[in-house]
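This chain uses plain numbering: 1 for the first residue, then up along the sequence.
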Amino acid sequence: MSYKPEDKPRTNEGSNMDHVTVGKPVETDGDTIDLSQILDFLLRGKWQIIGAMAAGLMAGGFLSWQNLPSYESSALLQVELKTPMFAFQLDTDFMPESRGIPTEIEIMQSRMVLGRVVSEQRLDMVVSPLSPPLLGRPLAGDSLLLSLPLLGGWLVPYAGYNAAPEVATLDFEGPWQERMVILETLGDGHFNVWTADESLLLARGTVDAPLFITRGDQHLALRVHALEALPGTKFQLRQRSHLAAIRDLRGRMNAREQGRQTGLVNLSVSAETPEAAARIANAIANAYQRQHVERRSEQARATLAFLEQQIPGLRREVELSEQALIEFLQSEGTVDLDRDASRVLNRLVDLDTRLTELQSAREESLLRLTPEHPQIQSMDRQIARLRQEMGQMEQEVSRLPASQQQLLALRRETQAATEIYVNFLNTAQELEIAQAGIVGSVRIIDPAVQEHRIVGTSTQRILLITGLLGTMLGVGLAFLLHAAGRRVHDPDQLEQLTGLPVHGVVPLSRLQRRLMRDARQGEQIHPLQEIDEEEPAVEAIRSLSTGLRMARRQTARATPIVITGPRPAVGKSFMSINLAAVLAQGGARVLVIDADLRRQSLDPYLPPEHRSIGLTEYLSGECKLEDAVLDLGSSSGVLRVLGAGKRRTRSFSLMMSPQFDNLLKDVADDYDYILIDTPPALMFADAAGLARHGMEVLVVLESSGHGLREVEETVKRLQRAGGQILGFVLNRYVPVSRGAGYHGYYGYSSYRYRYRYGNRYERTIPQSRKARSRTFTTGSNR
């Protein structure tokens with residue numbers, strides 16, 4: 001006979017709640033941001049965030065330790081941008097200083113300047129100590145790690161920090177695959193030279209003695225000037241290309257104008273040591289100053305050569321013009337110019353001189369500039385203006401008498417040629433004097449000095465950046481885990497996602513954990529309300545019992561409630577026995593049936609001598625019902641438990657047998673509540689098999705222990721079997737933020753629990769409960 005409860009429910013006038021059916025997820029406003037939910041999410045993922053932040057800080061500490069210190073030294077230069085020093089280059093337009101300094105800075109960073117520094121300072125030669133595996137950073141010879149018995153001997157080859165050898169010569173010739181060798185110190189000024197992979201010993205050398213190594217068509221010239229390191233320390237000697245060394249030097253230098261339109265340039269260079277930084281900075285400043293002087297000297301030489309080429313022709317023109325003037329005066333007699341003619345002559349001579357100088361300056365400038373350059377175009381405009389003015393003066397000359405015109409032309413030609421010739425002679429003499437003592441327009445104001453100031457990214461900054469990156473990574477990881485699992489954390493979230501009510505939120509009980517440790521030792525334990533009535537979990541279960549009275553169907557016969565969960569260890573057995581104890585304390589008659597025949601979950605609440613008789617024995621016909629049922633007693637009602645009995649392999653067939661249906665029918669009239677503790681719904685078919693009778697089902701969930709898909713699949717499986725889902729109970733709930741709790745209950749009960757004299761509670765279980773007396777002393781549920 002199958003058990004069929006009555007379909008017509010008895011209404012409860014004190015409640016406006018109808019029988020709960022499966023609803024739809026509650027729609028929420030997607031544009032609303034709940035800061036408390038964000039805080040709860042961050043607190044739930046605090047361990048991922050803290051772990052990622054700690055990993056970031058550890059990585060930052062490792063990177064800070066890996067970064068070798070870098071020192072910087074700076075020099076101050078003055079760059080004077082003046083007009084050319086030659087007379088015939090006046091009246092030309094030049095670029096202002098504010099636009100000339102950036103050009104000079106680019107010249108300072110050019111290969112022309114830095115290439116000289118690389119060659120002079122041998123920056124293409126790199127000497128660096130070997131780095132130990134995993135650690136990465138070279139060790140110093142006085143490191144404490146070297147004193148360790150076993151580790152010290154392994155780390156000796158890497159103890160070259162602050163002890164790099166001074167190499168005077170390192171030249172590779174031939175097809176070296178890697179222009180690098182390994183130098184191993186031997187002590188007493190001796191060393192070995194190995195190949196880059198340390199597979200072959202090339203030679204043995206001595207400090208300050210030239211060493212020539214030949215290996216086939218490969219040649220190496222090496223001379224070590226100084227070597228101070230522990231015996232066994234190894235160094236890499238590498239020669240990089242000239243362009244690679246220039247690129248590296250350009251990356252380690254910085255040149256900028258100091259102030260605005262001051263003509264001052266600050267040059268700074270970073271290096272591994274203060275001495276190297278100051279030496280390289282001064283080398284760059286000197287190389288730039290030398291090239292500036294050489295550029296001006298070269299300009300002077302080119303101009304002088306041009307003048308020397310033009311002077312003979314000018315002398316010939318002067319002689320010819322003077323001879324023509326003498327011949328004219330002899331043939332015509334002595335002729336003098338009037339005042340107007342003299343004025344015109346002087347003006348024409350001045351225009352001819354300026355025009356000749358501009359044309360010469362233009363030809364000299366074309367050796368360096370293109371015709372489209374602004375300087376050349378400015379000269380062209382001045383030449384055009386002079387020619388226009390000369391045309392006007394020649395019109396005035398045409399109105400003079402013929403003899404006056406001829407005399408004016410001869411004297412004009414003679415005087416102009418003489419002035420140009422004399423000007424070129426004077427300029428040539430000035431250039432010869434200037435070339436001997438020419439000084440560039442770059443002056444080193446403050447040379448670089450050794451500064452023991454570490455530059456670059458500080459340890460604090462690295463830790464801050466890596467800590468922030470680790471925190472962001474932790475937040476992202478927590479979000480990914482949350483999005484992937486969609487864990488159920490709190491009642492509001494569960495109701496919104498499933499549309500089913502949450503009838504109770506039971507906080508994590510420290511007292512229950514102590515009881516379960518006693519149970520594992522074979523002792524009998526008791527419901528929480530018998531030990532501590534003010535335990536927060538007991539208060540939460542009382543609220544659950546009130547919600548069940550209002551939500552479940554009220555009939556003349558007791559309707560069994562199946563208590564199950566998605567998986568094991570969610571607290572369904574704990575919920576079954578404690579809910580039954582609370583209902584019995586309220587005056588109800590309650591029967592708890594342990595239908596989990598595989599694990600006998602309720603056995604810890606039974607005396608050891610009664611655990612071998614239970615549901616399996618009754619369904620198998622080995623005992624009577626009154627022998628299998630144990631009365632645990634209650635001060636107000638009836639609390640009885642039907643244990644699982646001995647473990648059987650055919651548990652599902654027993655649960656689906658007609659005997660179990662008859663059991664439910666027989667006990668329906670004797671109890672107000674029948675609670676059936678079943679195996680997990682997703683692992684076994686027992687819960688779904690019982691739900692086929694249309695029973696009411698209460699699903700127990702562990703807070704933060706289930707994904708949404710797991711909960712949805714549990715509900716679907718029970719609904720497909722025909723069960724009526726009453727709702728959920730959220731067990732082991734721990735609010736992550738201050739003041740959190742379902743409807744504020746958990747916070748209130750915790751407050752009540754702490755508000756006692758002495759902050760301690762002591763209670764003795766009565767002897768009538770068939771258990772030995774035990775005294776439990778608890779604190780504030782911590």
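- No side-chain heavy atom of E72 sits under 4.5 Å from any side-chain heavy atom of E451.
- Distance alone, capped at 3.5 Å, places no donor-acceptor pair between the T233 side chain and the A229 backbone.
- Although no hydrogens or angles enter the test, the distance criterion places a donor-acceptor pair under 3.5 Å between the side chain of R122 and the main chain of L170.
- Taking the charged nitrogens against the carboxylate oxygens, D380 and R385 have no contact shorter than 4.0 Å, which rules out a salt bridge.
- The line from CH2 of W194 to CD of Q236 is 15.5 Å long, rounded to the nearest 0.5 Å.
- A donor-acceptor distance shorter than 3.5 angstrom exists from the side chain of S110 to the backbone of I107, with no hydrogens or angles considered.
- Distance CG/D171 to CZ/R179: 8.5 Å, rounded to 0.5 Å.
- At a threshold of 4.5 Å between non-hydrogen side-chain atoms, the residues L222 and V224 count as touching.
- Residue M112 qualifies as enclosed at atom CE: its count of foreign heavy atoms under 6.0 Å is above 12.
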> Does the side chain to side chain contact (heavy atoms under 4.5 Å, CB included) test come out yes or no for V193 and L201, once each step is laid out?
Replying inline: CA-CA 6 Å; V193 180; L201 177 63; 5.7 Å; no

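- Between the side chain of T185 and the backbone N or O of L230, at least one donor-acceptor pair lies under 3.5 Å.
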> What's the verdict on side chain to side chain contact (heavy atoms under 4.5 Å, CB included) for F235 and V181, showing C-alpha distance, side-chain angles and the deciding distance?
Replying inline: CA-CA 8 Å; F235 300 89; V181 293; over 6 Å; no

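- Inspection of the E104 and Y288 side chains reveals an N or O donor paired with an N or O acceptor under 3.5 Å.
- When every heavy atom of I444 is checked against every heavy atom of A285, the shortest pair comes out as CD1-CB, 3.9 Å.
- Under the 4.5 Å side-chain criterion, counting only non-hydrogen atoms from C-beta, R215 is in contact with T195.
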>> For E272 and R279: C-alpha separation, side-chain torsions, deciding distance, then whether salt bridge (Lys or Arg N to Asp or Glu O under 4.0 Å) applies.
In response: CA-CA 12 Å; E272 292 78 10; R279 185 179 68 253; over 6 Å; no

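- Checked by atom type and distance alone, the side chain of E184 never pairs as donor or acceptor with a backbone atom of N192 at under 3.5 Å.
- At a threshold of 4.5 Å between non-hydrogen side-chain atoms, the residues L468 and T466 do not count as touching.
- Rounding to the nearest 0.5 Å gives a distance of 11.0 Å between CD of Q78 and CG of D446.
- Here the side chains of D217 and P175 are in contact, with some heavy-atom distance below 4.5 Å.
- Taking the charged nitrogens against the carboxylate oxygens, E198 and K234 do have a contact shorter than 4.0 Å, which makes a salt bridge.
- Looking only at distances, a side-chain donor or acceptor of T262 sits under 3.5 Å from a matching main-chain atom of Q258.
- Proximity of S365 to I376: side-chain heavy atoms (C-beta onward) are separated by under 4.5 Å at one or more points.
- Atoms NE2 and OG1, from H190 and T206 in turn, are 5.0 Å apart once rounded to the nearest 0.5 Å.
- Not one N or O on the side chain of W176 forms a donor-acceptor pair closer than 3.5 Å with the backbone of L220.
- At a threshold of 4.5 Å between non-hydrogen side-chain atoms, the residues L267 and M253 count as touching.
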> Is there a side chain to side chain contact (heavy atoms under 4.5 Å, CB included) between H242 and S119 once you walk through the steps?
Replying inline: CA-CA 8 Å; H242 192 71; S119 300; 3.4 Å; yes

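- No side-chain N or O of Q109 forms a donor-acceptor pair with one of R250 less than 3.5 Å apart.
- With values rounded to the nearest 0.5 angstrom, E257 atom CD is found 11.0 Å from N266 atom CG.
- Screening L249, L123, D248 for a side chain to side chain contact (heavy atoms under 4.5 Å, CB included) involving L114 leaves a single residue, L249.
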>> side chain to side chain contact (heavy atoms under 4.5 Å, CB included) for V265 and R256? Distances and angles first, verdict last.
In response: CA-CA 6 Å; V265 177; R256 68 182 187 279; over 6 Å; no

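- We find the CG-CD1 distance between L237 and I182 to be 7.5 Å, quoted to the nearest 0.5 Å.
- Using a 4.5 Å cut-off on side-chain heavy atoms (C-beta onward), N254 and S268 make contact.
- The nearest pair of heavy atoms linking A448 to A75 is N-CB, 3.8 Å.
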